[in-house]
**Student:** 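Please read through the structure below; I'll follow up with questions.
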Amino acid sequence: MRVLRLERSAKLIAEIANRGAADTARVEPAVRKIVGDVRRGGDKALRNYAAKFDGLAGKQELRVSADEMQAAWEACDGSFRLALKAAAKNIRQFCEWQMPKSWSRTVGGVKLGQLVRPLDSVGCYVPGGRYPLPSTMLMTAIPAQVAGVPRVVVVSPKPARETLAAAHFLGITEMYRIGGAQAVAALAYGTETIEGMAKIVGPGNIFVTTAKKLVAFDCGIDMLAGPTEALIVSDSGDARFIAADLVAQAEHDPGTLAILLTTSAKLATAVKKEAESQAKENAIARQALAKRGYIFVARDLGEMLVAANLLAVEHITVDEDMVDEIESAGSIFVGDWSAQSFGDYTSGPNHVLPTGGLARIRGGLSVMDYVKLITVQQVSREGLKNLAPATLRMAEAEGLVAHGKSVSVRCANA
């Protein structure tokens, strides 16, 4: 990790702030071909790519059977099953608290409201590459269930036993052993075996992200995700805890962004030493810290907070008195005891979070990503009289004669 003075690093901070979600250009031609082939060729093309990239064997079924999921659940040890249940309970509770409500109100003869309706289908992408992520099964499928989505489909390349067990525990009935751009294309456009989805959610590698970008005009997506990001803002935190969080997130990917902002040169030195020590046996984390690990020493708290909001990172840890000052972040962790790993697994909020500065315009995946808010309006005779004058004048100003006529004809007959 590099230790730098923040006031001398304006150019570097600006470069990091403008990092973008993911550099998709280098793989886009290959991904475009895969997506096009699956869109045109259906199951045949999907199976060819699944055999090439996902290890699909011979006549092995694309679809995972209920028996296979149940067998995986039964093969997992009791401690994992208890952990899965505990995590799922907290995630489900948080989603229920998040769930928006339908409502209506009447003012001046005008009844207004909103209806909350679930999407009709959602495809959940659960990574199965370097690390199997059964936690992502929970994070993508549980919000869909709470929202009332009637058809929830899961795709995962080479699904691990724990991932299959999580699917069984959640009652997933439709799961496919496919991944990469080919899985995204199948979910977006459908094949003979897989019916197309209304929306695709979940994280993935650069090929998955690029495919989501390419299908986004034809199928809803949650967000484009890049490498993991972790930021700690602290003057007096425990160097062991800070280093542990940075190393924990860094082990996701060699491209992870890991940053400490502090006003304490002493803490900066201690965290650098501790992080490098903790990452010694973790090759991926070590690469990430060497490549994109930074410790910025600021002059004061104000300078730190300006930089923190400019960076708009995925995970941020702050002291309790700083929370109200954070304007842009995927998820905020407060105080020494709030390990960022709790958010990855068990605390309840979603771990599918915006990266690449996307936190400036949206938060993490939530139950709101699985519903539609439909507005409702009902105008009575009293409401007609109240709304007509302003409506007629607005229509006149815009030169939309028929708009005005649709109101005036009602006024004449009220």
Side-chain angles (χ1 to χ4, degrees), residues 21 92-123 140 142-152 188 195-201 212-213 215-224 309 312 323-332 349-350 352-354 357-414:
R92 193 174 300 277
Q93 177 66 82
F94 193 81
C95 288
E96 289 170 353
W97 287 334
Q98 277 187 327
M99 186 69 181
K101 307 297 182 186
S102 297
W103 56 266
S104 66
R105 296 173 187 167
T106 301
V107 180
V110 181
K111 184 178 181 181
L112 304 172
Q114 74 175 19
L115 300 175
V116 180
R117 296 288 186 262
L119 303 183
D120 61 23
S121 58
V122 171
T140 54
I142 290 176
Q145 293 174 339
V146 172
V149 176
R151 182 165 176 250
V152 181
E195 185 179 342
M197 300 282 101
K199 191 170 189 176
I200 302 169
V201 301
K212 286 169 72 175
K213 176 182 176 182
V215 306
F217 286 102
D218 300 315
C219 176
I221 65 168
D222 50 357
M223 64 189 89
L224 300 180
N309 283 316
V323 175
D324 291 343
E325 304 300 322
I326 301 302
E327 302 292 338
S328 297
S331 194
I332 301 174
N350 211 289
V352 181
L353 299 168
L358 192 61
R360 296 187 189 97
I361 60 170
R362 69 155 293 156
L365 190 69
S366 78
V367 72
M368 275 85 79
D369 287 290
Y370 299 77
V371 300
K372 301 167 286 188
L373 300 183
I374 304 172
T375 57
V376 180
Q377 44 206 296
Q378 181 178 354
V379 180
S380 66
R381 282 186 172 84
E382 178 191 359
L384 174 68
K385 293 176 182 177
N386 289 331
L387 293 180
T391 304
L392 290 167
R393 185 65 187 92
M394 291 293 291
E396 180 186 5
E398 294 184 354
L400 295 172
V401 177
H403 279 63
K405 181 68 173 177
S406 74
V407 173
S408 62
V409 69
R410 286 174 166 81
C411 292
N413 291 275

**Student:** Do you know the tightest heavy-atom contact between A312 and A359?
**Tutor:**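 In terms of heavy atoms, the two residues are closest at O-CB, 3.6 Å.
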**Student:** Is a side-chain donor or acceptor of S121 paired with a backbone partner of R151 at a separation under 3.5 angstrom?
**Tutor:**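 No, the answer is negative, given that no donor and acceptor are paired below the 3.5 Å cut-off.
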**Student:** Less than 4.5 Å apart, side chain to side chain, heavy atoms only: is that true for I326 and N309?
**Tutor:**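 Of all side-chain heavy-atom pairs linking N309 with I326, at least one is under 4.5 Å.
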**Student:** So with a 6.0 Å cut-off around CD of Q93, is the heavy-atom count from everything else above 12?
**Tutor:**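 Yes, the 6.0 Å shell around CD holds more than 12 heavy atoms from other groups.
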**Student:** Keeping the roles fixed (side chain from R362, backbone from G364), state whether a donor-acceptor pair exists under 3.5 Å.
**Tutor:**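 Checked: pair present.
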**Student:** Could you report the tightest heavy-atom contact between V201 and K212, atom names first, then the distance?
**Tutor:**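 Closest approach of V201 to K212, heavy atoms only: C-NZ, 4.5 Å.
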**Student:** Starting from the C-alpha separation in whole Å, work towards a yes-or-no answer on side chain to side chain contact (heavy atoms under 4.5 Å, CB included) for L115 and V376.
**Tutor:** CA-CA 7 Å; L115 300 175; V376 180; 3.6 Å; yes
**Student:** What heavy-atom pair brings P118 and A147 nearest, and what distance separates the two atoms?
**Tutor:**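 Residues P118 and A147, closest heavy atoms: CB-O, 3.3 Å.
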**Student:** Could you list the donor-acceptor pairs under 3.5 angstrom formed by side chains in residues 385-404, with sequence neighbours left out?
**Tutor:**
| residue | atom | partner | partner atom | Å |
| --- | --- | --- | --- | --- |
| N386 | ND2 | G108 | O | 2.8 |
| N386 | ND2 | E382 | O | 3.3 |
| T391 | OG1 | L387 | O | 2.7 |

**Student:** Can you tell me how far apart SG (C411) and NZ (K405) are? Round to the nearest 0.5 Å.
**Tutor:**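 The SG atom of C411 sits 11.0 Å away from the NZ atom of K405.
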**Student:** Do L112 and S104 touch side chain to side chain, with heavy atoms closer than 4.5 Å?
**Tutor:**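 L112 vs S104: side chains apart.
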**Student:** For residues V352 and D222, determine if any side-chain heavy atom of one lies less than 4.5 Å from a side-chain heavy atom of the other.
**Tutor:**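 In contact.
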**Student:** Taking the side chain as everything from C-beta on, heavy atoms only, tell me whether S380 gets closer than 4.5 Å to V110.
**Tutor:**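 Not touching, per the 4.5 Å side-chain cut-off.
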**Student:** Determine whether a donor-acceptor pair (N or O, by modelled atom type, separation under 3.5 Å) exists between the side chain of D218 and the backbone of V215.
**Tutor:**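 Such a contact is absent between D218 side chain and V215 backbone.
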**Student:** Evaluate the side-chain proximity of S328 to I361: yes if any heavy-atom separation is below 4.5 Å, no if none is.
**Tutor:**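 Side-chain contact under 4.5 Å: no.
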**Student:** Do V146 and R92 have side chains that approach each other closer than 4.5 Å (heavy atoms only, starting at C-beta)?
**Tutor:**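 The answer is yes, as the side chains (C-beta and beyond) meet within the 4.5 Å cut-off.
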**Student:** Keeping to residues at least two apart or across chains, list the salt bridge (charged side-chain N to carboxylate O under 4.0 Å, His left out) pairs with something in residues 94-120.
**Tutor:**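 Listed by first then second residue: nothing to list.
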**Student:** Which pair of non-hydrogen atoms, one from Y370 and one from L365, has the smallest distance, and what is that distance?
**Tutor:**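 The answer is OH-CD2, 3.4 Å.
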**Student:** Does V116 offer a backbone N or O that forms a donor-acceptor pair with the side chain of S102 under 3.5 Å?
**Tutor:**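 Side chain of S102 to backbone of V116, a donor-acceptor pair under 3.5 Å: yes, one is there.
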**Student:** N350: what forms a side-chain hydrogen bond (donor to acceptor under 3.5 Å, both in side chains) with it, not counting sequence neighbours?
**Tutor:**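 Testing N350 for side-chain hydrogen bond (donor to acceptor under 3.5 Å, both in side chains), a comparison that skips the adjacent residues, returns none.
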**Student:** Please test K372 against L119 for side chain to side chain contact (heavy atoms under 4.5 Å, CB included), starting from the C-alpha separation and ending with a verdict.
**Tutor:** CA-CA 7 Å; K372 301 167 286 188; L119 303 183; 3.6 Å; yes
**Student:** Please find the pair of heavy atoms, one from A188 and one from I200, that lie closest to each other, and give the distance.
**Tutor:**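 Heavy atoms only, the tightest pair is N-CD1, 4.0 Å.
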**Student:** Any heavy-atom pair between the side chains of D369 and K199 that's under 4.5 Å?
**Tutor:**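 SC-SC contact between K199 and D369 confirmed.
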